[in-house]
Amino acid sequence: ELIQEVRQRMEKILEPEKVRLEVGRLKAIAIFLTEGNRQIIGGKLVSGEVRKGVQAEVFRREEFMGRGKIINVQKNKKNAEKALKGDECGVLFEGDIRAEEGDILHFFTEEKRKGTL
């Protein structure tokens with residue numbers, strides 16, 4: 001019982017671990033609108049998927065440029081839950097960087113996992 005009690009108390013004080021889950025990548029083909037810190041980016045998914053709410057990092061010629069979040073996804077000019085590999089779609093990107101044609105957007109999510117002994 002003592003070991004179980006110590007284990008439970010230690011798990012409570014352990015910091016949760018952030019785990020990054022890669023979701024997909026999009027190659028930017030066109031930039032349709034830039035307003036404030038938001039852009040509408042048209043592109044083709046080269047791997048995985050994209051869905052509303054995922055985080056995004058922008059890479060230009062393999063150099064990290066900045067990060068942001070996907071606010072909305074559209075396929076065929078209609079809002080969509082997600083787009084899959086091979087799809088052309090538009091994403092509403094909100095972030096600290098202006099994407100350019102040819103950039104690659106890496107999509108990911110982060111989860112907090114509780115530490116265990």
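Predicted, not measured: the structure shown is a model, and the values here were computed from it.
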Pairwise ring pair (Phe, Tyr, Trp, His ring centres under 6.0 Å) hits with a residue in [range], at least two apart:
range: residues 40-67; value: F59-F64, F59-H106
range: residues 32-52; value: none
range: residues 11-30; value: none

- Query: Would you say L26 and F107 make side-chain contact, with heavy atoms under 4.5 Å?
  - Reply: yes
For [X], salt bridge (charged side-chain N to carboxylate O under 4.0 Å, His left out) partners two or more places apart:
X: E88; value: none
X: K75; value: D87
X: E101; value: none
X: E57; value: R20

- Any salt bridge (Lys or Arg N to Asp or Glu O under 4.0 Å) pairs touching residues 26-44, not counting sequence neighbours? R38-E94
- Output all residues satisfying side chain to side chain contact (heavy atoms under 4.5 Å, CB included) with E81, sequence neighbours left out; order by chain, then residue number. none
- With sequence neighbours left out, write down each residue that passes side chain to side chain contact (heavy atoms under 4.5 Å, CB included) with I97, or none if nothing qualifies. V58, M65, F93
- Message: List the residues meeting side-chain hydrogen bond (donor to acceptor under 3.5 Å, both in side chains) with N72, not counting sequence neighbours, and say none if there are none.
- Response: N79
- Got a sec, which residues hit side-chain hydrogen bond (donor to acceptor under 3.5 Å, both in side chains) with S47, two or more places apart in sequence or on another chain? none
- Message: Let me check something: do V46 and V50 share a hydrophobic cluster, defined by ILVMFWY side-chain heavy atoms less than 4.5 Å apart, either directly or through other members?
- Response: no
- Message: Under a 4.0 Å threshold between the charged nitrogen and the carboxylate oxygen, would E5 count as salt-bridged to R7?
- Response: no
- Message: Give me the atom names and distance for the closest heavy-atom approach of L21 to E111.
- Response: CD1-OE2, 3.4 Å
- Test log, rule side-chain contact (heavy atoms from CB on, under 4.5 Å), inputs T34 and R98: CA-CA 8 Å; T34 299; R98 295 239 187 273; 3.0 Å; yes
